[in-house]
Number of protein chains: 2
Amino acid sequence: MAKSVKKRSRAAVIPYHHGDLRRALIDAALALAAEGGPSAVSVREAARRAGVSPGAPFRHFDSREALMTAVAEEAQQRFRAEIDAALAGTAAEGPLRQLKLLGMAYLRWAMRNPAHFEIISTGRWFDHDAAVAVSRDNADAIALSEQLLAQAAASGQLRPVDLKATQIAGRALVYGLARMNIDRHFPRWGVQPEQVERIAEQALDVFISGIAK
Amino acid sequence: MAKSVKKRSRAAVIPYHHGDLRRALIDAALALAAEGGPSAVSVREAARRAGVSPGAPFRHFDSREALMTAVAEEAQQRFRAEIDAALAGTAAEGPLRQLKLLGMAYLRWAMRNPAHFEIISTGRWFDHDAAVAVSRDNADAIALSEQLLAQAAASGQLRPVDLKATQIAGRALVYGLARMNIDRHFPRWGVQPEQVERIAEQALDVFISGIAK
DNA sequence: ACCTGAACACCGTTCAAGT
DNA sequence: ACCTGAACACCGTTCAAGT
């Protein structure tokens, strides 16, 4: 056996250099978050799962916050992919229908990935200024909802509403629904886990019908 | 000098028994939360501020979670007092007006006490089952919004909407606005701190106008 | 270049001993 | 009864030393 390798259970060979420790730490952190929420992510436990010593992660991330920032970037990429896929080729269906599809894709991913959604939404968990992709996607989403609302208004599909307040209200609605799920409010409202996505969609319908002419 | 007292700065006399350590710890925890958010609350720092040793709090609270539960009960009491005051004597103004007053009182307190609001809303910060007053107030608030909505429907003030979905949408809207504030979303939406309460009220108006006939 | 392992300053929590 | 102070098992982070 070469000097530079160690034995492990089931004879797996672990070289001194991990190979892609950065990637392994991000994956471990994503798994820890999914299992116990964002606060369950610890640098030491991620290191343990990657099979390295407690100090090793700091060669790749300056701090726990830097690891969380990388996790947020990864989660944001998955979130955006789902939303882009849901909107692809729907331009002809009209702005109000697209707003509903946007809201539904947002809610669907948030409901199925609560811990990852919490990380990218909360801002306390990572350094927002360092997470360029998260900020960019956020700005894109804001611009998109603004355009769709403006299109709906221009084509006479809306009741007379304040567009800015309507845009904020729409975002507050979907973010509130996603947060109620994360913060375990739905049982108190008599909504069972398997009904959450359906009731959220109905709530979105109530809102869109309310602003539509 | 008596044996049972110690000297401190400015000659304050600190007896061996604190007097009301439980109260002092809750106040310290509320202050820590207000300064740095719920995660900034530590048992050791609360003990330090109360002038006692690290182990002393555990005579009054079984765990950090038990301290947070007491903090949540205190915050909930203040929150409820503000809402009750806002609704006192408004029955004659009609259910939709009362819903708006309820929403505005909720938002006003949440916006001005973000960390305390976060503690009572998040559920991860304390033991919900042990916080009887929080659960009771929550159930009361849910029942109240349900009654007001039912009254509005019965007196023909609503467009044909699904009452349950409307109730959830209304709560998601106000909770989402409160959360956007806590999670620092408003700057991204071009809303400055001093505009937050006004835009939140406008968003509430958009929603209520949308469900009203 | 990358990782180990010991160290340090925190934190929650326990417990014998003091008042 | 209530509090101290030392202890233990964690965690984030650093750094000399190893490969």
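No experiment lies behind these values; they were computed from the predicted model shown. Each chain gets a letter, A, B and so on, in the order the sequences are listed, and its residues count up from 1.
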- side chain to side chain donor-acceptor pair (under 3.5 Å) filter on A/Arg171, not counting sequence neighbours, yields A/Tyr106

- Message: If the condition is side chain to side chain contact (heavy atoms under 4.5 Å, CB included), which residues does B/Asp137 pass it with, not counting sequence neighbours?
- Response: B/Gln76, B/Arg80, B/Asp140

- All pairs passing salt bridge (Lys or Arg N to Asp or Glu O under 4.0 Å) where residues 119-136 of chain A contributes a residue, at least two apart: A/Arg124-B/Glu118

- Residues at least two apart in sequence or cross-chain that pass side chain to side chain contact (heavy atoms under 4.5 Å, CB included) with A/Ile142, listed by chain then number, are A/Gln167, B/Arg188, B/Trp189

- Residue set satisfying salt bridge (charged side-chain N to carboxylate O under 4.0 Å, His left out) with A/Arg22, at least two apart, ordered chain then number -> none

- Item | For DNA chain C, the residues among residues 31-40 of chain A that have a non-hydrogen atom under 4.0 Å from it | none

- Note on the structure: Residues passing the side chain to side chain contact (heavy atoms under 4.5 Å, CB included) test with A/Gln195, sequence neighbours excluded, are A/Val191, A/Gln192, A/Arg198

- Item | Contacts of A/Glu146 that satisfy side chain to side chain donor-acceptor pair (under 3.5 Å) - sequence neighbours left out | none

- Message: Tell me the interatomic distance from A/Arg59, atom CZ, to D/dA16, atom P, rounded to whole angstroms.
- Response: 11 Å

- Item | Secondary structure of DNA chain C in dot-bracket form (Watson-Crick or G-U wobble, distances below 3.5 Å, | marking inter-strand pairs) | ||.|||||...|||||.||

- Note on the structure: Its contact letters, B for base, S for sugar-phosphate only and - for none at protein heavy atoms under 4.0 Å, make nucleotides 8-14 of chain C read ---BBBB

- Task: Return the set of residues passing side chain to side chain donor-acceptor pair (under 3.5 Å) with A/Lys100 (not counting sequence neighbours), or none when no residue passes.
- Result: A/Glu201, A/Asp205

- Message: Test of understanding: with side chain to side chain contact (heavy atoms under 4.5 Å, CB included), list the residues that count as partners of B/Ser63, not counting sequence neighbours.
- Response: B/Glu65, B/Ala66

- Between A/Phe58 and A/His60, ring centroids under 6.0 Å: no

